[in-house]
Asker: 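Just passing along the structure, written as structure tokens.
Worth knowing before you read on, the calculation uses all heavy atoms, side chains too, and leaves out hydrogens, waters and symmetry mates. In each ligand, atom 1 is the first atom listed, and ligand 1 is the first ligand listed.
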Amino acid sequence: MILVTGGAGFIGSNFVLDWLATSDEPVVNLDALTYAGNLANLASLAGDARHIFVRGDICDRALVDRLLANYRPRAIVHFAAESHVDRSIHGPGEFVRTNVQGTFTLLEAARAYWTALDEPARTAFRFLHVSTDEVYGSLGPDDPPFTETTPYAPNSPYAASKAASDHLVRAWHHTYGLPVLTTNCSNNYGPYQFPEKLIPLVIANALGGRPLPVYGDGLNVRDWLYVGDHCAGVRTVLEKGRQGETYNIGGWNERTNIEIVRRICALLDELRPDPAGSYERLITFVKDRPGHDRRYAIDARKIERELGWRPAETFESGLRKTVRWYLDNQAWLRQVQDGSYRAWIDMNYAAR
Ligand code: NAD
Ligand code: DAU
């Protein structure tokens with residue numbers, strides 16, 4: 001069995017669903033159910049004995065020790081984090097607590113557990129840490145994409161907290177020999193993404209007839225990857241990755257934000273036309289994000305060369321699937337747009 005943290009969030013829930021769709025190996029899913037965690041994402045697993053959900057905090061050492069002792073996982077796949085850059089600007093404390101202290105707590109619990117394992121369980125054990133391309137900082141227009149050896153230069157409180165967690169993971173391998181793997185992935189999109197992030201926010205606002213906020217000049221570039229491809233990449237690294245190594249995961253798919261927003265509008269115009277006119281009429285340029293990184297791009301050749309992973313989805317097919325998913329799951333979307341969601345939207349966008 002494996003222990004997954006943050007498995008009720010966007011990528012974590014996609015990972016758990018994909019895992020149990022392709023394997024019978026049970027999953028213990030530890031998630032605090034913050035605003036970003038949602039058991040509705042896992043509703044299709046109701047009654048499935050292979051999924052054991054535990055509501056709890058990764059900073060709770062006693063709880064993590066208990067889970068490791070009771071379930072004896074062969075691996076920990078660590079997704080749990082505070083993940084939204086704008087929230088990290090408004091309130092960085094929770095990012096340091098969960099992303100740094102939480103990862104430290106997991107590493108220490110994993111080290112104690114792993115040290116006491118018998119062979120061959122000790123040799124087989126893995127701690128897979130899911131991280132981000134944001135740790136590498138911002139690229140200029142002509143810079144080559146980030147590789148695994150690009151120096152760290154995190155710019156937001158979120159990126160700095162993830163960079164700190166990556167350093168802890170590296171040190172636990174170097175110093176204690178803990179068999180770790182780290183993945184640094186680019187921007188994900190797909191089903192179950194909380195509508196604070198660009199793609200689901202634009203879809204949700206368009207469906208509600210609200211402005212589609214584009215920060216600054218809209219020319220910041222991100223490298224977009226369909227979430228199912230990211231999950232396959234994580235599974236591949238867990239299965240075949242060399243311990244102590246990091247693997248960059250990306251979509252070979254750089255787009256400006258304005259291009260993304262226009263593409264979503266075009267898909268909605270086709271799939272759910274608005275009698276009032278094209279959704280593009282709702283595009284609104286707003287004040288930029290402080291410290292906004294200009295460009296991210298991932299060089300994903302190492303994971304392809306060493307482990308044979310490549311994204312399966314094209315941006316066209318992935319975005320179409322995603323827009324359809326939100327159209328087909330408007331009850332899910334309404335459910336997450338609760339009071340605390342509206343309070344966040346008011347706070348983040350009022351002053352822009
Ligand atoms: P998310 O915000 O959707 O989900 C995070 C999950 O972690 C939630 O279910 C939340 O309840 C849980 N969580 C938060 N604090 C916790 C705590 N203290 N204890 C236990 N659970 C806690 O995030 P996501 O977008 O699914 O990202 C998952 C991971 O992937 C993160 O580590 C993130 O840094 C990384 N990542 C995300 C992206 C992206 O584009 N979304 C890209 C690259 C890497
Ligand atoms: O690169 C990987 C990272 O991608 C992950 O580590 C983060 O967890 C994830 O949130 C994401 O970070 P970004 O800041 O790139 O994602 P976000 O969806 O917030 O923004 C994408 C781009 O769109 C960014 O340039 C900011 C811009 N944006 C965002 C929002 C929410 C807008 O123009 N308008 C908006 O309303």
Asker: Mind checking whether Gly9 has an N or O less than 3.5 Å away from an N or O of ligand 1?
Answerer: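 Indeed, backbone or side chain, Gly9 has an N or O that close.
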Asker: When you measure from the side chain of Asp223 to the backbone of Gly250, do you find a donor-acceptor pair of N or O atoms at a distance under 3.5 Å?
Answerer: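 Judged by distance alone, no pair lies under 3.5 Å.
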Asker: Does ligand 2 come near enough to Asn187 that some N or O of the ligand is less than 3.5 Å from an N or O of the residue?
Answerer: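 Between Asn187 and ligand 2, an N or O pair is found under 3.5 Å apart.
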Asker: Is it the case that more than 12 heavy atoms not belonging to Arg170 sit under 6.0 Å from its CZ atom?
Answerer: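 Result for CZ/Arg170: open.
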Asker: Which residue from Tyr215, Phe10, Tyr189 reaches closest to atom 35 (C) of ligand 2 through any of its heavy atoms?
Answerer: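 The option holding the nearest heavy atom is Tyr215.
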Asker: Against heavy atoms of Ser186, which atoms of ligand 1 measure under 4.0 Å?
Answerer: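 That gives atoms 42 (C), 43 (C) of ligand 1.
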Asker: Evaluate the ring planes of Trp344 and His90, with Trp represented by its six-membered ring, and classify them as parallel (under 30°), tilted (30 to 60°) or perpendicular (over 60°).
Answerer: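 Aromatic pair Trp344/His90 classed perpendicular.
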Asker: Starting from atom 34 (N) of ligand 2, locate the nearest protein heavy atom and write down its residue, its atom name and how far away it is, to 0.1 Å.
Answerer: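 I find the closest protein heavy atom is Pro213 O, 2.9 Å.
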Asker: Hey, is Arg111 close enough to Glu108 for a salt bridge, meaning N to O under 4.0 Å?
Answerer: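 Looking at Glu108 together with Arg111, the answer is yes, because their closest N to O distance falls below 4.0 Å.
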Asker: Step through it carefully: locate the ring centre of Phe315, locate the ring centre of Tyr226, and say whether they are under 6.0 Å apart.
Answerer: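 Here the rings of Tyr226 and Phe315 have centres that are no less than 6.0 Å from each other.
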Asker: Determine whether any heavy atom of Thr5 lies closer than 4.0 Å to an atom of ligand 1.
Answerer: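 Judged by the 4.0 Å heavy-atom criterion, Thr5 does not count as contacting ligand 1.
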Asker: Of the choices Arg352, Glu134, Lys162, Arg87, which has the non-hydrogen atom that lies closest to atom 12 (O) of ligand 2?
Answerer: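 Selected option, by shortest heavy-atom distance: Glu134.
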Asker: Looking at atom 9 (O) of ligand 1, what's its closest protein heavy atom, distance included?
Answerer: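 Residue, atom and distance for the closest contact: Asp31 OD2, 2.6 Å.
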Asker: What residue and heavy atom of the protein are closest to atom 27 (C) of ligand 2, and at what distance?
Answerer: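 Ranked first by proximity to atom 27 (C) of ligand 2 is Asn257 ND2, 3.4 Å.
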Asker: How does Cys59 reach ligand 1, by side chain, by backbone, by both or by neither, if only non-hydrogen atoms under 4.0 Å count?
Answerer: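 Contact part for Cys59 vs ligand 1: neither.
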Asker: List every atom of ligand 1 that sits less than 4.0 Å from any heavy atom of Ser131, numbering the atoms from 1 in the order shown and giving each element.
Answerer: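 This gives 43 (C), 44 (C) as the contact atoms.
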Asker: So, regarding Ile58 and ligand 1 (criterion: nitrogen or oxygen to nitrogen or oxygen, under 3.5 Å), is there a contact or not?
Answerer: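 Such a contact does occur with ligand 1.
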Asker: Which one holds for Leu201 and ligand 2: side chain close, backbone close, both close, or neither close, with close meaning a heavy atom under 4.0 Å?
Answerer: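 Just the side chain.
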Asker: Roughly how far, to the nearest 0.5 Å, is CG of Leu207 from CG of Leu268?
Answerer: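 These two atoms lie 5.5 Å from each other.
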Asker: List every atom of ligand 1 that sits less than 4.0 Å from any heavy atom of Asp57, numbering the atoms from 1 in the order shown and giving each element.
Answerer: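 Listed by number with element, the hits are 17 (C), 18 (N), 19 (N).
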Asker: According to the salt bridge (charged side-chain N to carboxylate O under 4.0 Å, His left out) rule, which pairs have a member within residues 267-278, sequence neighbours left out?
Answerer: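 For residues 267-278: Glu270-Arg320, Asp274-Arg281.
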Asker: Looking only at distances, please establish whether an N/O atom of ligand 2 is found under 3.5 Å from an N/O atom of Val85.
Answerer: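 There is no such contact.
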Asker: Please answer whether the main-chain N or O of Tyr158 pairs with a side-chain N or O of Ser88 as donor and acceptor at a distance below 3.5 Å.
Answerer: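 Yes.
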Asker: Got an N/O contact under 3.5 Å between Asn38 and ligand 1?
Answerer: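 In fact, backbone or side chain, Asn38 has no N or O that close.
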Asker: Which heavy atom of the protein is the closest neighbour of atom 36 (O) of ligand 2, given with residue, atom name and distance?
Answerer: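 Answer, as residue, atom name and distance: Tyr349 OH, 2.6 Å.
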Asker: Which residue owns the protein heavy atom closest to atom 8 (O) of ligand 2, what's the atom, and how far is it?
Answerer: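 Ranked first by proximity to atom 8 (O) of ligand 2 is Ser83 O, 2.7 Å.
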Asker: Kindly say whether Glu119 contributes a backbone atom to a donor-acceptor pair with the side chain of Thr123 at under 3.5 angstrom?
Answerer: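 It does not hold such a pair.
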Asker: Any N or O on Arg289 sitting closer than 3.5 Å to an N or O of ligand 2?
Answerer: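 Yes; at least one N/O pair falls below 3.5 Å.
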Asker: Considering heavy atoms of the protein only, find what lies nearest to atom 25 (O) of ligand 2 and give residue, atom and distance to 0.1 Å.
Answerer: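 The closest one turns out to be His292 NE2, 2.7 Å.
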Asker: So does Asp31 pair up with Arg55, basic N to acidic O under 4.0 Å?
Answerer: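 Not counted as a salt bridge, because no side-chain N and carboxylate O are separated by less than 4.0 Å.
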Asker: Which of the listed options, Asp133, Leu198, Asn188, holds the heavy atom that is closest to atom 1 (O) of ligand 2?
Answerer: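 Ranked by closest heavy atom to atom 1 (O) of ligand 2, first place is Asp133.
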Asker: How far does CG of Leu168 sit from CG of Asn99, to the nearest 0.5 angstrom?
Answerer: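 Going from CG on Leu168 over to CG on Asn99, the span is 11.0 Å.
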Asker: Below a 4.0 angstrom heavy-atom separation, can you tell me which part of Arg97, side chain or backbone, both or neither, approaches ligand 1?
Answerer: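 The part of Arg97 near ligand 1 is the side chain, not the backbone.
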Asker: Could you check whether any heavy atom of Ala8 sits closer than 4.0 Å to an atom of ligand 1, since that is the contact criterion I want to use?
Answerer: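 Distance cut 4.0 Å: Ala8 passes for ligand 1.
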Asker: Quick one: does ligand 1 sit under 4.0 Å from the side chain of Lys162, the backbone, both or neither, non-hydrogen atoms only?
Answerer: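 Side chain only.
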Asker: Is a salt bridge present between Arg50 and Glu25, judged by a nitrogen-to-oxygen distance below 4.0 Å?
Answerer: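 Looking at Arg50 and Glu25, the cut-off is not met.
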Asker: With sequence neighbours left out, what residues match Phe194 under ring pair (Phe, Tyr, Trp, His ring centres under 6.0 Å)?
Answerer: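 Ring pair (Phe, Tyr, Trp, His ring centres under 6.0 Å) list for Phe194, sorted by chain: Tyr35, Tyr341.
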Asker: For Arg61, I'd like to know if atom CZ has over 12 heavy atoms of other residues, nucleotides or ligands within 6.0 Å.
Answerer: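 Yes - once you tally the heavy atoms of other residues, nucleotides and ligands closer than 6.0 Å, there are more than 12.
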Asker: Which one of Thr132, Ile11, Thr103, Thr98 has a non-hydrogen atom at the shortest distance from atom 37 (C) of ligand 1?
Answerer: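 Result: the heavy atom closest to atom 37 (C) of ligand 1 is in Ile11.
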Asker: Is Phe79 close enough to touch ligand 1? Criterion: a residue heavy atom under 4.0 Å from a ligand atom.
Answerer: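 The answer is yes, since Phe79 has a heavy atom less than 4.0 Å from ligand 1.
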Asker: Check this for me: does any side-chain nitrogen of one of Arg97 and Asp57 sit under 4.0 Å from a carboxylate oxygen of the other?
Answerer: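 Salt bridge present between Arg97 and Asp57.
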Asker: Within a distance under 4.0 Å of any heavy atom of Thr34, pick out the atoms of ligand 1 and give their elements.
Answerer: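 Once the distances to Thr34 are compared, the set is 10 (C), 11 (O), 14 (C), 15 (N).
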Asker: May I ask you to check whether His230 has an N/O atom sitting below 3.5 Å from an N/O atom of ligand 1?
Answerer: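 Min N/O separation from ligand 1 is not below 3.5 Å for His230.
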Asker: Do any heavy atoms of His78 fall under 4.0 Å from ligand 1?
Answerer: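 No; His78 lies far enough from ligand 1 that no heavy-atom distance drops under 4.0 Å.
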Asker: Between Phe10 and ligand 1, does any nitrogen or oxygen pair lie at a separation below 3.5 Å?
Answerer: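 So ligand 1 has an N or O lying under 3.5 Å from an N or O of Phe10.
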Asker: So if I count the atoms of ligand 1 from 1 in the order they appear, which ones are less than 4.0 Å from some heavy atom of Val130?
Answerer: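 Ligand 1 atoms under the 4.0 Å threshold to Val130: 30 (O), 32 (O).
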Asker: Under 3.5 Å, N or O to N or O, is Glu196 touching ligand 2 that way?
Answerer: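 Looking only at distances, the answer is no, because the N/O contact criterion of under 3.5 Å is not met.
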Asker: Compare Ala32, Ser13, Gly12 and give the one whose heavy atom is closest to atom 21 (N) of ligand 1.
Answerer: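 Residue with the shortest heavy-atom distance to the ligand atom: Ala32.
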Asker: Parallel, tilted or perpendicular, judged at 30° and 60°: which one describes the rings of Trp325 and Trp332?
Answerer: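 Taking Trp332 first and then Trp325, their aromatic rings stand perpendicular (interplane angle over 60°).
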Asker: Report yes if Thr132 has an N/O atom closer than 3.5 Å to an N/O atom of ligand 2; otherwise report no.
Answerer: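 N/O-N/O distance under 3.5 Å: yes.
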Asker: Could you grab the distance from atom CG of Asp133 to atom CD1 of Ile298, nearest 0.5 Å is fine?
Answerer: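 The CG atom of Asp133 sits 4.5 Å away from the CD1 atom of Ile298.
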Asker: Between Glu304 and Arg310, is the closest basic N to carboxylate O distance under 4.0 Å?
Answerer: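 Looking at Arg310 and Glu304, the cut-off is met.
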Asker: Just distances here: any N/O of Asp86 and N/O of ligand 2 closer than 3.5 Å?
Answerer: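 No, no N or O pair falls under 3.5 Å.
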Asker: Can we call the ring centroids of Tyr152 and His167 under 6.0 Å apart?
Answerer: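 Yes, they do, as the ring centres are separated by less than 6.0 Å.
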Asker: Measuring from the heavy atoms of Gly7, does anything fall under 4.0 Å of ligand 1?
Answerer: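 Distance cut 4.0 Å: Gly7 fails for ligand 1.
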Asker: What part of Leu33, side chain from CB on, backbone N/CA/C/O, both or neither, has a heavy atom under 4.0 Å from ligand 1?
Answerer: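 The part of Leu33 near ligand 1 is the backbone, not the side chain.
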Asker: Below 4.0 angstrom from a heavy atom of Tyr158, which ligand 1 atoms are there? Numbered from 1 as shown, please.
Answerer: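 Counting from 1, the qualifying ligand atoms are 33 (C), 34 (O).
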Asker: May I ask whether Tyr189 has any heavy atom positioned less than 4.0 angstrom from an atom of ligand 1?
Answerer: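 Not so, Tyr189 does not reach ligand 1.
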Asker: May I ask you to decide whether Arg66 forms a salt bridge with Asp60, counting only side-chain N to carboxylate O separations under 4.0 Å?
Answerer: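 Here Arg66 does not pair with Asp60 in a salt bridge, since their nearest N and O are not under 4.0 Å apart.
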Asker: Under the salt bridge (Lys or Arg N to Asp or Glu O under 4.0 Å) rule, what do Glu306 and Arg242 come out as? Steps first, then yes or no, please.
Answerer: CA-CA 9 Å; Glu306 291 192 10; Arg242 286 184 290 131; 2.8 Å; yes
